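For reference, the structure is listed below as structure tokens.
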Amino acid sequence: MNAEQVVNACHAAGVRLVRFLYCDNGCTIRGKLAPIDHLASKMESGIGLTVAMQAMNMLDQLQPVEGMGPVGEIRLVPDPESFVILPYAPHSAAMMADMVTLDRRPWGACPRSFLKRMIAQAAEQGITVQATFENEFSLFRPTEDGGYEPIDTGLCFSSISMAAGQDVIDDIVAAFAAQNISVDAYYPELGHGQHEMPIRHGPALRAADNQIWFRETVRNVARNHGLIASLAPKPMPDQAGNGCHIHWSLWDLEGKRNLLYDPQDRYKLSPMGYQFIAGVLTHLPGLLALTTPSYNSFRRLQPHFWSSAYTAWGPDNREASVRIASSQWSDEEGSVNMELKASDPSNNPYLALGGLIAAGLDGIARQLDPGEPALIDPGNFSEEERLARGIHRYPTSQAEALDALERDEVLMAALGPELARSYLTVKRSEYEAFAAQDVDFEIQHHIYKF
Ligand code: GLU
Ligand code: MG
């Protein structure tokens with residue numbers, strides 16, 4: 001779609017307000033809105049935003065970041081390609097916006113522009129990335145005392161949990177269809193009130209935009225049903241966490257050949273595929289600060305919870321950081337893909353996917369070798385065996401992951417100085433704030449913000 005088509009579509013649908021949204025360094029979704037009468041001009045000029053917003057953490061505490069104080073402005077310029085009419089909000093539409101400087105360049109601290117840079121870097125190597133974010137989420141109903149309880153305590157994949165969620169799930173599926181987002185499957189998951197709905201893959205930028213629409217849609221449709229949907233990584237400390245595993249495959253520039261595919265290989269994986277895995281595993285300690293970035297994320301990443309906790313890879317190994325997903329009978333070449341388990345829905349999808357691409361491309365550039373696959377839960381190897389195999393426990397806190405990110409020269413260079421500096425400062429401030437409080441404070445804030 002172009003700008004004119006967006007304006008026409010808004011008129012035809014009776015839209016009054018259009019959201020220009022972005023995902024920030026705290027990984028929350030924010031934005032400003034344009035009324036239909038000024039939509040055309042605001043799409044061209046963008047809506048002004050203070051530079052300070054990329055120094056704001058998820059508690060709305062402004063952090064001291066050089067160049068991101070009260071003086072200075074950027075523009076939120078929406079991408080018409082991302083346009084959706086919102087089926088869950090009256091007379092409303094939305095687009096994802098890029099942060100653009102007043103001299104019309106992508107702002108160095110813009111996460112969406114970072115992902116575009118990584119997509120361009122991959123393209124320079126003849127690679128296009130297809131991806132999707134596979135979310136788990138928790139559905140709660142409010143209780144009379146102002147709290148909440150899970151809508152079901154049913155078993156994993158059980159039809160009793162399907163019944164508990166059927167009305168809201170039906171509306172969520174309809175809302176995705178209305179936004180041209182294709183649902184791949186649905187099932188109740190292991191945790192109380194936990195459900196999962198993978199959506200179809202698409203080009204990397206579209207996949208990250210879809211992740212924003214996913215978060216928005218699930219939360220808003222649930223709200224319209226009087227429920228609370230949470231995509232917090234670990235909304236209930238004693239229940240399974242919410243992952244948002246990233247699936248990806250690498251294609252040639254025409255999108256015709258899956259570069260991960262080699263029919264001769266034991267796992268049908270090409271040398272490029274193995275190198276990409278090795279790059280991801282090499283950078284994983286720092287990458288976690290982008291893919292599992294919140295304080296609450298590290299409550300999820302425990303051994304034996306199917307979230308992954310050690311740097312390891314394996315075919316269909318759901319305790320490995322990177323799982324090679326077995327291909328589908330209907331399309332062996334097209335369906336060879338990899339899954340990063342160490343990712344959750346409290347991440348900024350532009351930073352998570354951009355970081356993943358940067359890590360993988362480094363693996364290809366240096367022709368890294370991921371070593372032997374883990375064919376059992378890596379948490380069940382002895383400590384000596386893990387050491388011999390080069391398998392390491394992840395950083396166990398947000399602070400450790402952020403330190404690893406700062407030490408990772410490849411990821412820091414990819415982010416660039418403005419984004420790296422502001423992100424580290426904002427996320428470290430969240431660590432300080434949550435570490436000083438109790439678990440209830442942590443859960444409350446993550447439940448309602450993700
Ligand atoms: N809930 C698990 C996680 O935290 C994933 C379970 C699964 O394999 O689907 O990622
Ligand atoms: Mg699952």
Side-chain angles (χ1 to χ4, degrees), residues 131-140 150 152-158 161-162 165 169 172 183-201 211 214-215 218 229-248 280 284 287-288 290-326 337-347 349 352-353 356 374-380 393-396 398 401 442-443 446-447 450:
T132 188
F133 292 77
E134 182 188 70
N135 293 277
E136 294 162 331
F137 53 92
S138 307
L139 292 169
F140 299 106
D152 64 81
T153 53
L155 306 174
C156 187
F157 308 149
S158 91
S161 304
M162 289 176 206
I169 292 294
I172 290 172
V183 171
D184 197 52
Y186 159 71
Y187 30 90
E189 256 283 1
L190 177 67
H192 291 170
Q194 192 181 36
H195 297 253
E196 172 163 350
M197 194 178 289
I199 57 173
R200 297 289 293 175
H201 59 86
Q211 174 62 2
F214 191 99
R215 285 167 59 178
V218 167
S230 181
L231 291 98
K234 196 81 167 175
M236 288 179 286
D238 62 341
Q239 294 288 320
N242 288 323
C244 115
H245 312 152
I246 304 177
H247 285 260
W248 75 96
V280 171
L284 198 51
L287 185 60
L288 292 177
L290 302 174
T291 58
T292 59
S294 65
Y295 189 89
N296 187 238
S297 294
F298 291 83
R299 205 176 283 286
R300 165 177 169 258
L301 293 175
Q302 301 295 334
H304 314 305
F305 273 87
W306 294 46
S307 60
S308 80
Y310 298 90
T311 57
W313 69 280
D316 280 334
N317 186 340
R318 287 180 167 78
E319 280 284 0
S321 329
V322 177
R323 168 172 83 108
I324 301 175
S326 46
N337 74 90
M338 297 175 192
E339 175 185 44
L340 179 72
K341 297 282 285 189
S343 169
D344 74 56
S346 71
N347 68 28
L353 190 51
L356 179 76
L375 300 177
I376 61 165
D377 178 346
N380 288 340
R393 177 77 173 93
Y394 291 166
T396 55
Q398 187 188 28
E442 169 198 329
I443 302 271
H446 287 81
I447 277 206
F450 297 107

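In this text the structure is predicted, and so the values were computed from the model without any measurement. Numbering of ligands and ligand atoms starts at 1, following listing order. All heavy atoms count here, side chains included; hydrogens, waters and symmetry mates do not.
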>> Contact between Y394 and F298 at the side-chain level, heavy atoms closer than 4.5 Å - yes or no?
In response: no

>> So, 2.8 Å as the limit: is an N/O/S atom of E134 located closer than that to the Mg ion (ligand 2)?
In response: no

>> Parallel, tilted or perpendicular, judged at 30° and 60°: which one describes the rings of Y187 and F157?
In response: perpendicular

>> So, regarding A240 and ligand 1 (criterion: nitrogen or oxygen to nitrogen or oxygen, under 3.5 Å), is there a contact or not?
In response: no

> Hey, are the side chains of E134 and H247 touching, using non-hydrogen atoms and a 4.5 Å cut-off?
Replying inline: yes

> In the protein, which heavy atom is nearest to atom 4 (O) of ligand 1, and how far is it?
Replying inline: R300 NE, 2.8 Å

> Without hydrogens or angle criteria, can the side chains of S294 and N296 be said to hold a donor-acceptor pair below 3.5 Å?
Replying inline: no

>> How large, to 10°, is the angle at the Mg ion (ligand 2) when you draw lines to OE2 on E136 and to OE2 on E189?
In response: 90°

>> Only N/O/S atoms count here: what is the atom of E196 closest to the Mg ion (ligand 2) called?
In response: OE1

> Tell me, which protein residue and heavy-atom name are nearest atom 6 (C) of ligand 1, and how many Å apart are they?
Replying inline: E136 OE2, 3.4 Å

> Is any side-chain heavy atom of S308 closer than 4.5 Å to a side-chain heavy atom of R323?
Replying inline: no

>> What protein heavy atom lies closest to atom 9 (O) of ligand 1? Include the residue and the distance to one decimal.
In response: E189 OE2, 3.0 Å

> Which residue and non-hydrogen atom of the protein lie closest to atom 7 (C) of ligand 1, and at what distance in Å?
Replying inline: K341 NZ, 3.6 Å

>> Does N242 form a side chain to side chain contact (heavy atoms under 4.5 Å, CB included) with Q194? I'd like the steps, not just the answer.
In response: CA-CA 8 Å; N242 288 323; Q194 192 181 36; 2.8 Å; yes

